[in-house]
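Note that the coordinates shown come from a computational prediction; the quantities given were computed from them, not determined experimentally. All ligand and atom numbering here is 1-based and tracks the order in the structure.
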Amino acid sequence: MPSAVTVDNVLMLFNMSKEKIDSLKEYFIKFTKGKLLYEEFIALKDVTFSVERGDVFGIVGLNGSGKSTLLKIISGILKPSAGSIKVNGTIAPLIELGAGFDLELTARENIYLNGSVLGYSKKYLDGHFDEIVDFSELHEFLDMPMRNYSSGMVARVGFAVATMTQPDILILDEILSVGDFKFQEKCERRIETMMSGGTTVLIVSHSIEQIERMCKHVLWLEKGRVKMIGDVTDVCMAYRGKY
Ligand SMILES: Nc1ncnc2c1ncn2[C@@H]1O[C@H](COP(=O)(O)OP(=O)(O)OP(=O)(O)O)[C@@H](O)[C@H]1O
Ligand SMILES: [Mg+2]
């Protein structure tokens, strides 16, 4: 059986401005003269691993270690500077809070917008609308612009839309941590149902307890490199021990 996700020797470089530019005007002058100096920042290097189908796979690491960058590459939002990614199946990425939402629009409008971005028809969304709203428990706030939502409320809508149907691969970047404990439990139950239906889950979380509770295998990133990969207990013990 092929792996759900295969990451082979991925390198990700970002351009970082090298000098301090004090004004937009100065930026444009340098930009038009082609005199902007950049330094390449290595966000990921030599990253190789695979995730088996049906696995719940955690990614841990300190702030800036490259976790979100890696998930964006797997989701196809970013293209790696070198290396390759193979993904088998449909993917539902929940990467950044509000990504995929237009916060000026209401939740009702965003459910349709986000759903159509994920490839669902209007008719299909009409049929699932109540279910999405029930899961998010935001009935009273449906017609309020989402910019007035709390981060937990945004996460509720995002999770409800992304998990409305069963994707082959579900990607969660710190999404559950902004939900309250009741919503976290509800999400974890839905994830468990999906797992039993064969969905592969990739989770980034700063809560080691959550990783230990949910994941089977874990990848530890340190400064963009794979520090360790293996069974959840081994990797979490080493990670806790190091810091
Ligand atoms: N578009 C970008 N341009 C330049 N640098 C970037 C860009 N995106 C990410 N980086 C840099 O890449 C590094 C890794 O960022 P990333 O967001 O992947 O970290 P993370 O592990 O998700 O951190 P956190 O735990 O804080 O969410 C950081 O140093 C960040 O500044
Ligand atoms: Mg991140």
Please determine if the Mg ion (ligand 2) has an N/O/S atom from Ser68 lying under 2.8 Å away.
->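 Here the distance criterion (N, O or S atom, under 2.8 Å) is met by Ser68, so yes.
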Per atom 21 (O) of ligand 1, closest listed option by heavy atom (His206, Lys67, Glu40) |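 Of the listed residues, Lys67 has the closest heavy atom.
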Just go through Gly64, Ser205, Ala43 and tell me whose heavy atom is the nearest to atom 19 (O) of ligand 1.
->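 That would be Gly64.
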Distance under 6.0 Å and angle within 45° of ring axis: Arg190 vs Phe159 |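 Geometry flag: not set, cation outside 6.0 Å or 45°.
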With Lys186 as the cation and Phe135 as the aromatic partner, state whether NZ or CZ is under 6.0 Å from the six-membered ring centre and within 45° of the axis.
->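 Satisfied, under 6.0 Å and within 45°.
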Return yes or no for this condition: an N or O of Asn15 is under 3.5 Å from an N or O of ligand 1.
->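 So ligand 1 has no N or O lying under 3.5 Å from an N or O of Asn15.
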Would you say [X] touches ligand 1, if touching means a heavy atom closer than 4.0 Å?
{"X": "Gly61", "result": "no"}
{"X": "Lys72", "result": "no"}
{"X": "Leu71", "result": "no"}

More than 12 heavy atoms of other residues, nucleotides or ligands under 6.0 Å from NZ of Lys242: is that the case?
->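 It does: Lys242 NZ has more than 12 such atoms within range.
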Does atom 6 (C) of ligand 1 have any protein heavy atom closer than 4.0 Å?
->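 Neighbour list for atom 6 (C) of ligand 1 includes protein heavy atoms (cut-off 4.0 Å).
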Would [X] and [Y] pass as an ion pair if we require N to O under 4.0 Å?
{"X": "Arg213", "Y": "Glu188", "result": "yes"}
{"X": "Asp180", "Y": "Arg156", "result": "yes"}
{"X": "Lys216", "Y": "Glu52", "result": "no"}

Measure the distance from [atom] to every protein heavy atom, then report the residue, atom name and distance (to 0.1 Å) of the closest one.
{"atom": "atom 3 (N) of ligand 1", "result": "Phe14 CD2, 3.5 Å"}
{"atom": "atom 26 (O) of ligand 1", "result": "Asn63 ND2, 2.9 Å"}
{"atom": "atom 16 (P) of ligand 1", "result": "Thr69 OG1, 3.5 Å"}
{"atom": "atom 17 (O) of ligand 1", "result": "Ser68 CB, 3.7 Å"}

Do Met144 and Thr106 have side chains that get closer than 4.5 Å, going by heavy atoms?
->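 They are not in contact (no side-chain heavy atoms under 4.5 Å apart), so the answer is no.
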Would you call Leu170 and Ile191 a side-chain contact if the rule is heavy atoms closer than 4.5 Å?
->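 Of all side-chain heavy-atom pairs linking Ile191 with Leu170, at least one is under 4.5 Å.
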Do Thr165 and Tyr120 get their side chains close enough for a donor-acceptor pair, meaning under 3.5 Å?
->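 Judged by distance alone, the side chains do pair up.
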With distance as the sole criterion, is a donor-acceptor pair present between the side chains of Arg53 and Thr200 under 3.5 Å?
->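 Judged by distance alone, the side chains do not pair up.
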[X] neighbourhood, listing ligand 1 atoms whose heavy-atom distance to it stays under 4.0 Å:
{"X": "Leu62", "result": "21 (O)"}
{"X": "Phe41", "result": "11 (C), 12 (O), 13 (C), 29 (O)"}
{"X": "Gly66", "result": "14 (C), 18 (O), 19 (O), 20 (P), 21 (O)"}

